[in-house]
Q: 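Below is one structure. I have some questions about it.
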Amino acid sequence: MLHLAQSMSRLGTESAFEVLARAQKLASEGKDIINLGIGQPDFNTPEHIVEAGIKALRDGHHGYTPANGIPALREAAAVDLEKRHGVEVNPDHVVVVPGGKPTMFFAVLMFGEPGAEIMYPNPGFPIYESVINYSGAKAVPIALEEENGFAFSAETVLNQITPNTRLIIINSPANPTGGVTPKEEIDKLVAGLAAHPHVALLSDEIYSQMLYDGRQHVSLLQYPEIRDRLIMLDGWSKTYAMTGWRLGYAVWPEKLVEHATRLCVNDHSCVNAATQYAGIAALTGPQDAVHDMVKAFDERRRVIVSELNQIPGFRCADAAGAFYAFPNIEGTGLSAREAQDRFLNEAGIATVAGTSFGSWGEGFLRFSYANSTENILAAMKRIKACL
Ligand SMILES: Cc1ncc(COP(=O)(O)O)c(C=O)c1O
């Protein structure tokens, strides 16, 4: 009999991967599956980035790098942030990690323990709640409402702060809702945080380049008054279609850099060297592929939101960012999980139940529109027929 640590029973998962596995199994059995479940761009990594990775391997970059990332990559990230957000970032505060997830895990490990409280968006990226529970801290949901376009409310967040609150996680543009929180609300949150200097903030800005209808991304880095307690997460996975390369970073407050780097040393030593060189090419090379990809997402977004609103029992809010639509499906009489299973098994359409993103996701289904317009239209037709 093995004796696992209690904490393992508290660790959750990301059901999008389970849906992907089920969809792949059905496809391997000959079923025609359209995958609107997985949250990754359906584009290849731009060629010049791939070439930089290959060149790095050919040039002999086969060994360990500094745990926090090679200096040229951290400098490129700082320059990119200055260009995009108009803020100064010290490259020494940038810690490069394998993807977006490690920053979440490290931030929660730093602040989470029994007796502590950590706030997280719900519905939200499922790993937040999972790792908070794992740490033993109390996971306090920030309820996101359809009526607000799934933007978070500063008032809701501030009202929930207690002396035990250690960390607040926010995410805009958001997974799974596509919600973008307006600047006024972020201004209010930052102003309110002045009364709570014991609270740190993790801002997950991994979709910072995917906003539509002229919306501008607001980075929490733009608020100097909270820079000493802000962890700003971004990365290459979504922007450069590099989910499988495993490359991300965060800008940490000066006093946490050492702790974050130490977690890197204990966890993975460093990100693989060739990937880091590819990351430099991504940030310093032409950005045309990024713009083309976002343009394609925008076109598909218009199609999918309009189509979803024509399905009986569906109601879809405007999807302001990222590449997800999150319709309310209560009118179908199906629960989120029933709808997910029925559409996959009977119509061959992979989606993810809203409840995979927290209890506030009941009655909703996540559609990723990282798929061709043709497939999106075919999927909508099949769902209508299935209902
Ligand atoms: C909001 C959000 N943050 C972070 C990540 C993690 O990205 P990565 O694959 O780079 O770990 C995702 C991935 O879906 C995400 O949706």
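This chain uses plain numbering: 1 for the first residue, then up along the sequence. Numbering of ligands and ligand atoms starts at 1, following listing order.
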Q: Find the distance between CZ (Arg22) and CG (Leu20) and round it off to the nearest 0.5 Å.
A: 11.5 Å
Q: Heavy atom to atom 2 (C) of ligand 1, shortest distance: which of Ile127, Asp204, Thr243, Asp234 holds it?
A: Asp204
Q: How close does the nearest protein non-hydrogen atom get to atom 4 (C) of ligand 1, and which residue and atom is it?
A: Met104 CE, 3.2 Å
Q: With a 4.0 Å cut-off on heavy atoms, is Tyr207 in contact with ligand 1?
A: yes
Q: Salt bridge check, Lys295 against Glu299: does any charged N sit closer than 4.0 Å to a carboxylate O?
A: yes
Q: Under the side-chain contact (heavy atoms from CB on, under 4.5 Å) criterion, do Ile168 and Leu193 qualify, and how do the steps go?
A: CA-CA 10 Å; Ile168 295 170; Leu193 283 175; 4.1 Å; yes
Q: Could you list the atoms of ligand 1 found under 4.0 angstrom from a heavy atom of Gly99?
A: 10 (O), 11 (O)
Q: Please check if any side-chain donor atom of Arg246 sits under 3.5 Å from a side-chain acceptor atom of Asn272, or the reverse.
A: no
Q: Considering only the protein, which heavy-atom contact is closest to atom 14 (O) of ligand 1, and what is its distance?
A: Lys238 NZ, 2.6 Å
Q: Taking only non-hydrogen atoms of Tyr128, do any sit less than 4.0 angstrom from ligand 1?
A: yes
Q: Go through ligand 1 atom by atom and flag the ones less than 4.0 Å from a non-hydrogen atom of Asn171.
A: 1 (C)
Q: Between Glu14 and ligand 1, is there a nitrogen or oxygen pair with a distance under 3.5 Å?
A: no
Q: Kindly determine whether Asn171 and Tyr207 satisfy side chain to side chain donor-acceptor pair (under 3.5 Å), including the steps that lead there.
A: CA-CA 9 Å; Asn171 170 222; Tyr207 297 103; over 6 Å; no
Q: Is there a donor-acceptor contact under 3.5 Å from the side chain of Asn309 to the main chain of Cys316?
A: yes
Q: Of Gly100, Pro173, Pro176, which has the heavy atom at the shortest distance from atom 7 (O) of ligand 1?
A: Gly100
Q: Heavy atoms only: which of Trp245, Phe125, Phe105 is nearest to atom 12 (C) of ligand 1?
A: Phe125
Q: Show the atoms of ligand 1 that are less than 4.0 angstrom away from any heavy atom in Ser237.
A: 8 (P), 9 (O), 10 (O)
Q: Numbering the atoms of ligand 1 from 1, which are under 4.0 Å from a heavy atom of Asn175?
A: 1 (C), 14 (O), 15 (C), 16 (O)
Q: Please walk me through it: do Tyr128 and Asp204 pass side chain to side chain donor-acceptor pair (under 3.5 Å)?
A: CA-CA 10 Å; Tyr128 307 140; Asp204 182 344; 2.6 Å; yes
Q: Return the residue, atom name and 0.1 Å-rounded distance of the protein heavy atom closest to atom 9 (O) of ligand 1.
A: Arg246 NH1, 3.1 Å
Q: Knowing that exactly one of Phe357, Trp360, Phe364, Tyr324 qualifies, which makes a ring-ring contact (aromatic ring centres under 6.0 Å, His included) with Phe150?
A: Phe364
Q: Looking at Lys188 and Glu184, is any side-chain nitrogen of the basic one under 4.0 Å from a carboxylate oxygen of the acidic one?
A: no
